[in-house]
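Only one structure is covered here, and it is reproduced in the block below.
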2 protein chains.
Amino acid sequence: MQKKSTSGRTSYHHGDLRRVVLDTAQAMLAEDRNWQFTLREVARRAGVSHAAPYKHFPDKASLLAELAMLGFDRLREVLAAAVATHPRSVRKAFLLAAIAYVRFGVEQPALYRLMFSAEASRGADVHLSERALNALGVLLELLQRGQQEGIFRRRPVRGQAAACWAQVHGLTLLTIDGLLLPEKVGDAPVDAALATLLEGLELP
Amino acid sequence: MQKKSTSGRTSYHHGDLRRVVLDTAQAMLAEDRNWQFTLREVARRAGVSHAAPYKHFPDKASLLAELAMLGFDRLREVLAAAVATHPRSVRKAFLLAAIAYVRFGVEQPALYRLMFSAEASRGADVHLSERALNALGVLLELLQRGQQEGIFRRRPVRGQAAACWAQVHGLTLLTIDGLLLPEKVGDAPVDAALATLLEGLELP
DNA sequence: ACCTGAACACCGTTCAAGT
DNA sequence: ACCTGAACACCGTTCAAGT
């Protein structure tokens with residue numbers, strides 16, 4: 001996709017190392033379901049010395065924070081796309097967004113874990129939780145629409161949003177950790193849990 | 001509470017190092033909200049060489065797994081105690097158990113995170129998720145009772161249990177990470193989220 | 001039987017020195 | 001202006017050697 005380190009003829013100032021580091025890290029996060037983030041390993045794969053990244057990121061935590069922000073941006077896109085497929089029905093849009101959320105995390109566990117890691121928050125300026133909230137804005141709008149259309153209970157939206165976020169966040173992590181076994185029968189726990197969530201939101 | 005390392009006259013075989021290591025680790029987890037678990041630091045504080053713990057635990061992951069199991073046992077006790085305070089009302093018992101769950105995690109974030117850490121699961125024999133499920137048995141019984149008493153919807157209990165676990169798990173972690181801001185007004189998001197959960201369980 | 005000390009391979013981080 | 005190499009303090013893990 002971009003300059004290969006092995007063919008790094010052009011200049012030993014290696015184009016735009018900052019971007020290369022980010023791309024490399026993202027690739028490694030995507031490839032290995034549970035890889036322990038290592039600055040040196042990223043540098044190695046990017047084909048630079050282990051000290052080079054420090055010219056572009058003050059420390060490891062800052063890099064993690066940046067990756068987390070990019071992750072939240074992608075999550076927002078995923079949610080928005082899911083909602084866009086059902087512009088008519090708030091109910092369907094909501095359910096699809098919730099499923100898309102869980103799938104996002106389950107498909108990229110290493111990234112999802114990183115997004116909520118203590119180290120990433122430590123490295124972040126205030127903007128990290130802002131991005132997280134931004135990603136969840138999609139769900140918030142859906143809740144508001146649902147209330148206006150009279151299909152969701154009229155409750156403070158912030159509380160409902162907390163319930164939704166906690167539910168999908170919890171489902172994502174429990175699934176990643178393999179703690180939500182389908183057990184005997186084949187009723188996916190995620191679907192069942194989301195159904196319960198919806199029943200808590202919808203008017204009887 | 002037990003033998004101090006500094007006064008370790010008695011025998012340089014230091015009593016029961018296995019227990020001392022576990023106690024020391026638990027104390028450190030309880031004291032520092034977000035401390036990065038370090039075998040060497042535990043050994044240091046326990047007053048033994050950094051190699052000594054290896055005589056009692058095959059590796060770091062095993063120690064983490066053991067601590068996680070103890071954590072789940074304590075969680076089960078906390079939940080059971082909460083339920084016991086309201087033997088009459090399933091609804092109240094359920095709500096109090098949920099609150100107790102979140103409080104458990106919020107009061108000991110380092111321990112709670114550890115209980116669900118990838119490293120702890122890696123170090124565990126199969127029994128770890130079993131203990132986790134065991135802790136949740138308390139909630140499961142409540143759901144069954146609620147269904148029998150006709151106050152909860154009749155749905156597959158496993159699905160409802162998944163919804164409950166995901167909700168409290170998510171709330172706990174989001175609270176720990178400081179992502180559930182009370183914002184302006186003083187309506188605690190946790191209470192609101194739990195109310196929504198209950199409405200999803202209860203019959204209209 | 002139980003613990004220590006040195007050793008190894010790995011990290012994150014820094015800094016003089018290279019181009 | 002951007003990168004490298006050696007260096008430092010830290011880890012997890014192992015193993016011969018001590019009591």
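Side-chain atoms are counted along with the backbone in the values below, which use heavy atoms only and exclude waters and symmetry mates. Proteins come first, then strands; the chains are lettered A, B, ... in the order of their sequence lines, and each starts at number 1.
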Donor-acceptor contacts under 3.5 Å from residues 67-84 of chain B side chains, at least two apart:
{"unit_1": "B:D73", "atom_1": "OD1", "unit_2": "B:R131", "atom_2": "NH1", "d": "3.1"}
{"unit_1": "B:D73", "atom_1": "OD2", "unit_2": "B:R131", "atom_2": "NH1", "d": "2.4"}

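- In this structure, A:S49 reaches the bases: a heavy-atom distance under 4.0 Å links it to at least one base atom across the strands shown.
- Along DNA chain C, the nucleotide nearest B:K55 and the nucleotide nearest A:L39 are compared for position; the residue whose nucleotide lies closer to the 5' end is B:K55.
- The interatomic distance linking A:F37 (CZ) with C:dC10 (P) rounds to 19 Å, in whole Å.
- The side chain of A:R40 approaches D:dA7 more closely than any other nucleotide in the set D:dT4, D:dA7, D:dG12.
- The shortest side-chain heavy-atom distance between A:L173 and A:H169 falls under the 4.5 Å cut-off.
- The closest donor-acceptor contact from the side chain of B:S89 to the backbone of B:K92 lies under 3.5 Å.
- In this structure, the nucleotide among D:dT14, C:dT14, D:dT13 sitting nearest to the side chain of B:D59 is D:dT13.
- As a whole-Å value, the separation of A:Q36 CD from D:dG12 P is 12 Å.
- Here the C1' atom of nucleotide C:dC10 and the CH2 atom of A:W35 are 13 Å apart, to the nearest Å.
- With distances taken from any side-chain atom of B:E41 to the nucleotides C:dA7, C:dG12, D:dC11, the minimum falls on D:dC11.
- Nucleotide C:dC11 holds its P atom 10 Å from the NE2 atom of A:H50, rounded to whole Å.
- Across all strands shown, the partner of C:dA16 is D:dT4, judged by Watson-Crick or G-U wobble contacts whose two distances both fall under 3.5 Å.
- Straight-line distance from the CZ atom of A:R18 to the P atom of D:dC2: 12 Å, rounded to whole Å.
- When distances run from any side-chain atom of B:A52 to the nucleotides D:dC11, C:dT4, D:dA6, the shortest one goes to C:dT4.
- Between A:H56 and the phosphate of D:dC3, there is a side-chain N or O to OP1/OP2 separation shorter than 4.0 Å.
- Side-chain atoms of A:E202 never come within 3.5 Å of backbone atoms of A:R153 as a donor-acceptor pair (strictly under, hydrogens ignored).
- Nucleotide D:dC10 is matched to nothing when pairs are restricted to Watson-Crick or G-U wobble geometry with both distances under 3.5 angstrom.
- One interatomic measurement links the two molecules: CZ of B:F57 to P of C:dC3, which rounds to 12 Å at whole-angstrom precision.
- The side chain of B:R44 places an N or O atom within less than 4.0 Å of a non-bridging phosphate oxygen (OP1 or OP2) of D:dC11.
- The residues A:D177 and A:R113 are annotated as salt-bridged, a charged nitrogen and a carboxylate oxygen being separated by less than 4.0 angstrom.
- With rounding to whole Å, B:L64 atom CG is found 12 Å from D:dG12 atom C1'.
- In this structure, CG of A:L63 is placed 15 Å from P of C:dC11, rounded to the nearest angstrom.
- Nearest nucleotide to the A:Y54 side chain, out of C:dA6, D:dG12, C:dT13: C:dT13.
- One finds a side-chain N or O of B:K60 lying less than 4.0 angstrom from the OP1 or OP2 phosphate oxygen of D:dG12.
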